[in-house]
Visitor: 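Take this structure, written in structure tokens, and hold onto it; I'll ask about it next.
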Amino acid sequence: MKITARLTVLACALGLCVPAVPSYAAPIAPPGPRPAAPTAADTVRTARYDLGDQAFQPPASLGYVGRAELAADVYYPARLGTGRHPLVVMQHGHWDTCADAAAAAENAAALKARDRALEQGDEAEAARQQAIIERTSARLWAWPCAHGTAPIPSSAGYDYLARELARRGFVVVSVGTNGINATDSGQADTVYQARAALLDRHLRMWQTLARSGTGPLRGALTDTRTGAPVAAGFRGTVDMGRVGLLGHSMGGGGVMQEVADSSRATWPAGVGIKAAFALAPTGTWDEQPVTRTPFAVMWGTCDQVNSGLYFEHNRAANRAPIFDYTLTGGNHNFYNRQWSPSGGQVASRDDALPGTAPGTCQSQYAGTDHPQQDQPRLAERAQRQITVNRVTAFFERFLQDRTDRHPLLTGERPFPGEPASTVTTEYDAGR
């Protein structure tokens, strides 16, 4: 029998939750000890590799036109030791590719001028401003970026999450997808497959490095602080049989494509993807079954992007546990620090529509069942803390067999310090 529960943190805090132990999980163990605070000898180290802006070409069979970078930010425990650490691979979503501040300012001014001209019925001026918009957009969405213009490092926007995972024993690889972002226009039917193929390529490179210390990544990692080659021995210390994926926005769509039942045969030999977490994932194909891999979806009620209905479309047939988290007042950009206003990056912005009252935003539920209404706005820091709580517990549960994390994930037990009623949880244990 399938067990479906819709719980809120507030209800659990009031003692109204009914615990449910899924058949997939082992009996819930008592909560384990909290991880010790990091010390100077137990810190997280960071590295990066970049094999070229156009080193990746999706398989010709997809029909996708365009090349992308093979680059990533890597976070790992300073003491890799002789143990085998699970691997988490992250993929960012669709965003501007080049940090051209002048183009961004000119583009924003032209957008306002065009809209004003349209209101006044001045079609000639509107057309002139539209030409400026197209010219400046081409600079913001170029790949590779123009000489002297830095790429927007969207892959680094999840560093707060990657560092916490690394502190808990995971090796984390956050891959760049600027090249796909610059070429995906008009290719919606294949872009998620291209993103999944990019994940495959990184997994293959890590499989070779972890198994034999060879392949394209041998000697390719450099310390992000010093630029020196990384001496860490990843050979024999990364467990490619315990891999998790995390994606945001269109990256979430790419991750869900990768774990779809139809994609499992394409996984690199010896790689076991055990779980996937999608942050505000988009989806044009999301009725394709994902029934064999545990997954979680998180989205916010003030998110203007139409997130995919992965939980709703799969809960009737899933054989593994699946989770859906709704953040009251959460929006699309706050998951990525490069995209958020506080980051100060070119193109960063708060994408929520302001509500009618101070401190609120307009809800963006799909369909007519939920008319727009004011929602208490979640701050960047609060949204990221909620994300850290669930993502780390999710991967600890499914990559490290931490069964004590189960009641936190289902909403049976609230995460300490979270505001009551901010997160609504749907959970289905599978068959």
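This one's a predicted model, so the numbers in the text were calculated from it and none came from an experiment. All residue numbers in this chain count up from 1 along the given sequence.
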Visitor: Does R390 count as lying over the ring of Y325, i.e. NZ or CZ under 6.0 Å from the six-ring centre, within 45 degrees of the axis?
Guide: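 Yes, R390 sits over the ring of Y325.
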
Visitor: Flag the pair P281 / V297 as yes when at least one side-chain heavy-atom distance between them is below 4.5 Å, and no otherwise.
Guide: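 A side-chain contact exists here, since the closest heavy-atom pair is under 4.5 Å.
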
Visitor: Distance from M205 atom CE to R218 atom CZ, nearest 0.5 Å?
Guide: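 Result: 16.0 Å between the selected atoms.
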
Visitor: Between the side chains of E106 and T136, is a donor N or O closer than 3.5 angstrom to an acceptor N or O?
Guide: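 There is no such pair between these side chains.
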
Visitor: For Y310 and I322, run side chain to side chain contact (heavy atoms under 4.5 Å, CB included): C-alpha distance rounded to whole Å, both residues' side-chain angles, the deciding distance at 0.1 Å, then the answer.
Guide: CA-CA 9 Å; Y310 297 98; I322 60 176; over 6 Å; no

Visitor: Taking atom types as modelled, is there a side-chain donor on T293 or R264 under 3.5 Å from an acceptor on the other?
Guide: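 Yes, R264 and T293 have a side-chain donor paired with an acceptor closer than 3.5 Å.
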
Visitor: Under a 4.5 Å cut-off applied to non-hydrogen side-chain atoms, are S348 and N333 in contact?
Guide: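 S348 vs N333: side chains apart.
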
Visitor: Using the side chain to side chain donor-acceptor pair (under 3.5 Å) rule, take Y75 and S174 through it: C-alpha gap first, then chi angles, then the decisive distance, then the call.
Guide: CA-CA 8 Å; Y75 306 79; S174 184; 6.0 Å; no

Visitor: Is there a donor-acceptor pair closer than 3.5 Å between any side-chain N or O of Y160 and the backbone N or O of V388?
Guide: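 Checked: no pair found.
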
Visitor: Heavy atoms only: give me the nearest L203-P268 pair and the separation to one decimal.
Guide: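 Smallest heavy-atom distance, with atoms named: CB-CG, 4.0 Å.
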
Visitor: For E418 and P414, indicate whether the former's side chain and the latter's backbone hold a donor-acceptor pair under 3.5 Å.
Guide: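 Absent.
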
Visitor: Within the structure provided, determine whether N331 and L378 are in side-chain contact (heavy-atom separation under 4.5 Å).
Guide: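 No, too far: nothing below the 4.5 Å cut-off.
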
Visitor: Backbone N or O of L80 within a donor-acceptor pair of the H85 side chain at under 3.5 Å?
Guide: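 Yes; at least one donor-acceptor contact below 3.5 Å.
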
Visitor: May I ask you to check whether F56 and H202 place their ring centres under 6.0 Å from each other?
Guide: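 Not close enough - the centres of the two rings lie 6.0 Å or further apart.
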
Visitor: Assess, by modelled atom type and distance only, whether the side chains of Y158 and T387 contain a donor and an acceptor separated by less than 3.5 Å.
Guide: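 There is no such pair (donor and acceptor under 3.5 Å, judged by atom type) between the side chains of Y158 and T387.
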
Visitor: Could you pull out the closest heavy-atom pair between G329 and T301, with the gap in Å?
Guide: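 The answer is N-OG1, 2.7 Å.
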
Visitor: Report yes if the side chains of L246 and L161 come closer than 4.5 Å at any heavy-atom pair, otherwise no.
Guide: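 Yes, at least one pair of side-chain atoms sits under 4.5 Å.
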
Visitor: In this structure, is the centre-to-centre distance between the rings of W95 and H248 below 6.0 Å?
Guide: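 No, they do not, as the ring centres are separated by 6.0 Å or more.
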
Visitor: Could you measure the distance from the CG atom of L309 to the CZ atom of R315? Nearest 0.5 Å is fine.
Guide: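 Reported value, rounded in 0.5 Å steps: 10.0 Å.
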
Visitor: Under the side-chain contact (heavy atoms from CB on, under 4.5 Å) test, which residues partner I133, sequence neighbours left out?
Guide: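 Here the qualifying residues are N107, A110, L111, R114, Q130, S137.
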
Visitor: Looking only at heavy atoms, which two atoms of A78 and R45 are closest? And how far apart?
Guide: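 So the minimum-distance heavy-atom pair works out to CB-NE, 3.6 Å.
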
Visitor: Applying side chain to side chain contact (heavy atoms under 4.5 Å, CB included), run through Y427 and F311 and close with a yes or a no.
Guide: CA-CA 9 Å; Y427 164 66; F311 182 88; 5.8 Å; no

Visitor: Which value, rounded to the nearest 0.5 Å, describes the distance between Q375 atom CD and Q362 atom CD?
Guide: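 These two atoms lie 8.5 Å from each other.
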
Visitor: How long is the span from the CD atom in Q338 to the OG atom in S155, to the nearest 0.5 Å?
Guide: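 Taking CD in Q338 and OG in S155, the distance rounds to 8.5 Å.
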
Visitor: Once side-chain contact (heavy atoms from CB on, under 4.5 Å) is applied, do any residues pair with D239, and if so which ones, sequence neighbours excluded?
Guide: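 With neighbours one apart ignored, the set is R84, R242.
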
Visitor: What I'd like to find out is whether the side chain of M250 reaches to under 4.5 Å of the side chain of Y192, using heavy atoms alone.
Guide: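 Of all side-chain heavy-atom pairs linking Y192 with M250, at least one is under 4.5 Å.
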
Visitor: Between S363 and Q372, what is the shortest heavy-atom contact and its length?
Guide: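 The pair with the smallest heavy-atom distance is O-CG, 3.2 Å.
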
Visitor: Between atom CD of Q304 and atom CG of D351, what is the distance when rounded to the nearest 0.5 Å?
Guide: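 Here the rounded value is 6.0 Å.
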
Visitor: Provide the closest heavy-atom pair for P77 versus A166 in the form atom of the first, atom of the second, distance.
Guide: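 Nearest heavy atoms, P77 then A166: CG-O, 3.4 Å.
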
Visitor: Roughly how far, to the nearest 0.5 Å, is the CD atom of Q193 from the OG atom of S263?
Guide: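 Interatomic distance, S263 OG to Q193 CD, rounded to 0.5 Å: 7.5 Å.
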
Visitor: Residues in side-chain contact (heavy atoms from CB on, under 4.5 Å) with A47, at least two apart?
Guide: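 V74, Y76, L221, V230.
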
Visitor: Salt bridge check: are R377 and D350 linked by an N-O gap of less than 4.0 Å?
Guide: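 Here R377 pairs with D350 in a salt bridge, since their nearest N and O are under 4.0 Å apart.
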
Visitor: With sequence neighbours excluded, give me every salt bridge (charged side-chain N to carboxylate O under 4.0 Å, His left out) pair touching residues 61-74.
Guide: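 Pairs touching residues 61-74 that pass the test: R48-D73.
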
Visitor: Taking atom types as modelled, is there a side-chain donor on S342 or E380 under 3.5 Å from an acceptor on the other?
Guide: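 Yes, E380 and S342 have a side-chain donor paired with an acceptor closer than 3.5 Å.
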
Visitor: Within the 4.5 Å heavy-atom criterion, are Y49 and L70 side-chain neighbours or not?
Guide: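 Counting from C-beta outward, Y49 and L70 never come under 4.5 Å.
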
Visitor: Check the pair M240 / L87 against side chain to side chain contact (heavy atoms under 4.5 Å, CB included), numbers first and verdict last.
Guide: CA-CA 7 Å; M240 299 302 295; L87 179 72; 3.8 Å; yes

Visitor: Using a 3.5 Å distance criterion without hydrogens, assess whether the side chain of D50 forms a donor-acceptor pair with backbone atoms of G52.
Guide: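 Confirmed, D50 side chain pairs with G52 backbone.
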
Visitor: Taking all atoms of both residues into account, what is the closest heavy-atom pair of Y335 and G300, and its distance?
Guide: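 That closest heavy-atom pairing would be OH-N, 4.2 Å.
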
Visitor: Please table the atom pairs, donor to acceptor, closer than 3.5 Å between any side-chain atom in residues 138-152 and protein atoms at least two apart or in another chain.
Guide:
from, atom 1, to, atom 2, distance (Å)
R139, NE, D100, OD2, 3.1
R139, NH2, D100, OD1, 3.2
R139, NH2, D100, OD2, 3.1
W143, NE1, D53, O, 2.8

Visitor: Are any non-hydrogen side-chain atoms of I386 and T422 less than 4.5 angstrom apart?
Guide: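 Touching, per the 4.5 Å side-chain cut-off.
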
Visitor: Sub-3.5 Å donor-acceptor pair from the side chain of Q400 to the main-chain atoms of G169, do we have one?
Guide: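 Side chain of Q400 to backbone of G169: no pair is present.
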
Visitor: Side chains of W206 and L209: closer than 4.5 Å at any heavy-atom pair?
Guide: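 Yes, at least one pair of side-chain atoms sits under 4.5 Å.
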
Visitor: May I have the list of side-chain donor-acceptor pairs in residues 194-201 shorter than 3.5 Å, sequence neighbours left out?
Guide:
from, atom 1, to, atom 2, distance (Å)
R195, NH1, Q91, OE1, 3.1
R195, NH1, H92, O, 2.8
R195, NH2, N181, OD1, 2.8

Visitor: Quick one, R163 with R167, criterion side chain to side chain contact (heavy atoms under 4.5 Å, CB included). Give me CA distance, side-chain angles, the key distance, then yes/no.
Guide: CA-CA 6 Å; R163 289 178 184 277; R167 191 175 74 82; over 6 Å; no

